[in-house]
Amino acid sequence: MACNVYRNGTGLHKGAMRPLAASNSSNVKSSSFKSRIPPSSNHSPGSAPLRPSKSAGGSDGVPGRVRVAVRLRPRNAEESVADADFADCVELQPELKRLKLRKNNWDSETYEFDEVLTEFASQKRVYEVVAKPVVESVLDGYNGTVMAYGQTGTGKTFTLGRLGEEDTSARGIMVRSMEEILANVSPETDSVSVSYLQLYMETIQDLLDPANDNISIVEDPKTGDVSLPGATHVEIRDEQDFMELLRTGEAHRIAANTKLNTESSRSHAILMVHVKRSVLGAEDVIPSETDKSSHFAKPPKPLVRKSKLVLVDLAGSERVHKSGSEGHMLEEAKSINLSLSALGKCINALAENSAHVPVRDSKLTRLLRDSFGGTARTSLIVTIGPSPRHRGETTSTILFGQRAMKVENMLRIKEEFDYKSLSRKLEIQLDKLIAENERQQKVFDDEVERINLEALNRVSEVERNFADALEKERLKCQMEYMESVKKLEEKMIENQQKHGCDGFMKDKCNGEGPVSSIVEDVAEVKKLLEKEIHMRKEAEDEVNKLKSQLGQCPDSGEGGGSEILKLQKALADEVRQKKKLEEEMIILRSQMLQLTFEADQMRRCLGRNGSANAYGGLDSPMSQVRDSLNGHKTPVAALFEQVGLQKILALLESEDANVRIHAVKVVANLAAEEANQERIVEAGGLTSLLMLLRSYEDENIGRVVAGAIANLAMHETNQELIMIQGGINLLSVTASRAEDPQSLRMVAGAIANLCGNDKLQTKLRSEGGIKALLGMARCGHPDVLSQVARGIANFAKCESRASTNGIKSGRSVLINDGALPWIVQNANNDSSPIRRHIELALCHLAQHEVNAKDMISGGALWELVRISRDCSREDIRSLARRTLNLSPIFRAEMRRLRIEV
Ligand code: ADP
Ligand code: MG
């Protein structure tokens, strides 16, 4: 019975304190009804809007006045007889909720109550108007009290405690309340337990455990809530449990009272029903098992409502006034009635809004602290009898009820976070998550293992397939290549035999057959190449695919690392194999290039009826190469582009002699085309060629290398490069080693080209170039002689220029090196190119007086005279004549010999 609660409507009931005059009925109506209007109409009449609060025990509560009903007991047998001639002392106007208390025959006082229950009111109706709203509040989480007050024998126990075992309609409030509670709670989440006590002479006895006869009240210092931890709490699951409990309690009450030599009307019976319910806030819905997405949502906060329904069957109210009258000692009587009178005082204090409410004066008031002036919803039923003999008691009972109507409580929900249940739920959820996580981890590990295994299998399978295919293809290509080479050679030999020609090219050029077969071969090799390219592309794709698969493969710790290393090794092997394959392809391509050249050559020979040189003729190499490629440049150029110069040059250093010779041929053919020369030199081709010449392992290679160098040596820049890299010496050495006329022709051609460079004069001589050139004349082959003659003519021309410019003095190097006899000897050679070169050389030598004497003694004068007379070329003829006439020595000699030019 807190004294600091705001009591709404107290003022409105001031009038109700006093008996209302019958004439003032309109006032009564307005005042009492206003006070009765419940804060919400959601519930049955009188119930407050008890919706779940947002925070447990948070708000200030809802005003809720103590509701008071009056119930009139019907006359009993004794009264029917004794009071037969008298009218009842009360007259009820239930429809107006009024009670008229007769003072005498002509005067009465009217009182208004929240409910007025006549002698005919059924137990059901009494429950519904008095207790039901309270029970509903309790189910909603509020504390509730239903208390019966009245004189002994007026029906308090009838109203509250009737069991109605024979006649269910007779069931009192206790049984009906429990029925309603049990019907509304769910056994899974909620619990209902009961204590049953008797308060007698300020002692609390446990009616469920008679030995427990001095239970103490414990107050929570913070909340002020009272509890009886010593009392027995019995869990109630069904009505039978409860009925049993009530019977036990009643039996114990009778036994206890017998022992104490008292009667039940002297004690207060208190039934406490503890209701515990779990509720969930709307936002705090626990995720269902299937709702995996909310695993990480805010943990739900289950709430628990612990409310208490207190049903009090008070001792007879007459005790307050009749203490000691029934043989008790005064102290005893005082003690018996202490609680009742204390209750009256507290209600008076509360009704008058007094500053002090003597709650602590008795155990009853302490126990009912929350029921009056506290947070509970409280209904009081005052019971009265009809007998005019007890008018006094009836009046005081009515006045007690009137005062109690003024007591305003602040209803507060008894709700708190259910931390226990929350932690239990979270534990369950956590366990589920742990199990799920473990399951998923296992699935993940298995999957990783499976992927690894699959990747390994696939890698090794692809490796196997790839290696097999590679090997097969390589063998096939080799075989095919060997066969086509063999066929080609056979055809060549066949042709040579058929036509009996002695030149390599002539054999090749005499007939349609070989050409067409070569063309076929070329086509075949082309096909092979295309196949090879296709296969390589496929293999590359596969390797790339595997690489990307490996990249995607999830890391599975150390095991995974070693697997990756293995795979990397396998990949490296693949790359090596691929490189090998590429090399083979380049060889095939270069072979193809070579075959294409040869086919072109043949075609050209056929066109000219054949006496061409093997390598784009050195007399005018460029034009011949162009001719040879006339209309057929595209396949060569295409192949060149496909293979790439670097790769071809790399093949010059291949370990395979066969590959080397093919590469050299290809380079030589490429070098015959001016457009390629610069690129070849830039790419280091010249250096590679010179190196090959240095090793000179085989005459075939030497010949082709020299041919290539000869072609490159047509350019002045290249000439200097050749010199710088020791090319003159190399060519000189080669000249002395070679025997084959074609080889010699190439070397001679190369040196002849160098001889035309003014800057190389000294080097050519010092490194044995001139001697080598003259030495090659030994061969006697016209092609070689022609190149020797061209070299001499070139050299003589440069020397002459140097002498004219004053850079050089003294006798010609050619004369010094003993070239003159050969010059004179071949000056009138049958071959016109040789003749022409020598004639020019003689003219150049003759231009310098210093050479004149040697020339005269060597017989050159006669040749010069012949040239000035017979040379078919007019320019050379006149040059010879002019030269002879300009030289005093020649003129003197001619005069001596009587020759005129
Ligand atoms: P109290 O507990 O107030 O002392 P009881 O409940 O024991 O009174 O009632 C006394 C007697 O009156 C009982 O025999 C009871 O059956 C009877 N009685 C009480 N109220 C009624 C009622 N409304 N209708 C019929 N009989 C009643
Ligand atoms: Mg009783």
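Not measured: the values here are computed from a predicted model. One-based numbering, in listed order, for ligands and for the atoms of each.
A salt bridge links E219 to R360: at least one charged side-chain nitrogen sits closer than 4.0 Å to a carboxylate oxygen. The pair R102-E91 counts as a salt bridge, with a side-chain nitrogen and a carboxylate oxygen less than 4.0 angstrom apart. Salt-bridge formation is detected for the pair D114/R65: a Lys NZ or Arg NE/NH1/NH2 atom is positioned less than 4.0 Å from an Asp or Glu carboxylate oxygen. The pair E78-R389 meets the salt-bridge criterion, since a charged nitrogen lies less than 4.0 angstrom from a carboxylate oxygen. For K132 and E180, the salt-bridge test passes: some basic side-chain N is under 4.0 Å from an acidic carboxylate O. Comment: R75 engages D88 in a salt bridge, judged by a side-chain N to carboxylate O separation of less than 4.0 angstrom.
To the nearest 0.5 angstrom, S307 atom OG is 10.5 Å from Y142 atom OH.
Residue-and-atom listing of protein N/O/S atoms under 2.8 Å from the Mg ion (ligand 2), sorted by chain and number: T157 OG1.
Residues meeting the ring-ring contact (aromatic ring centres under 6.0 Å, His included) test with H274, sequence neighbours left out: H233.
Protein residues having at least one heavy atom under 4.0 Å from any atom of ligand 1 are R71, R73, P74, Q151, T152, G153, T154, G155, K156, T157, F158, listed by chain and number.
Counting only residues at least two apart or on different chains, no salt bridge (charged side-chain N to carboxylate O under 4.0 Å, His left out) pair has a member in residues 225-235.
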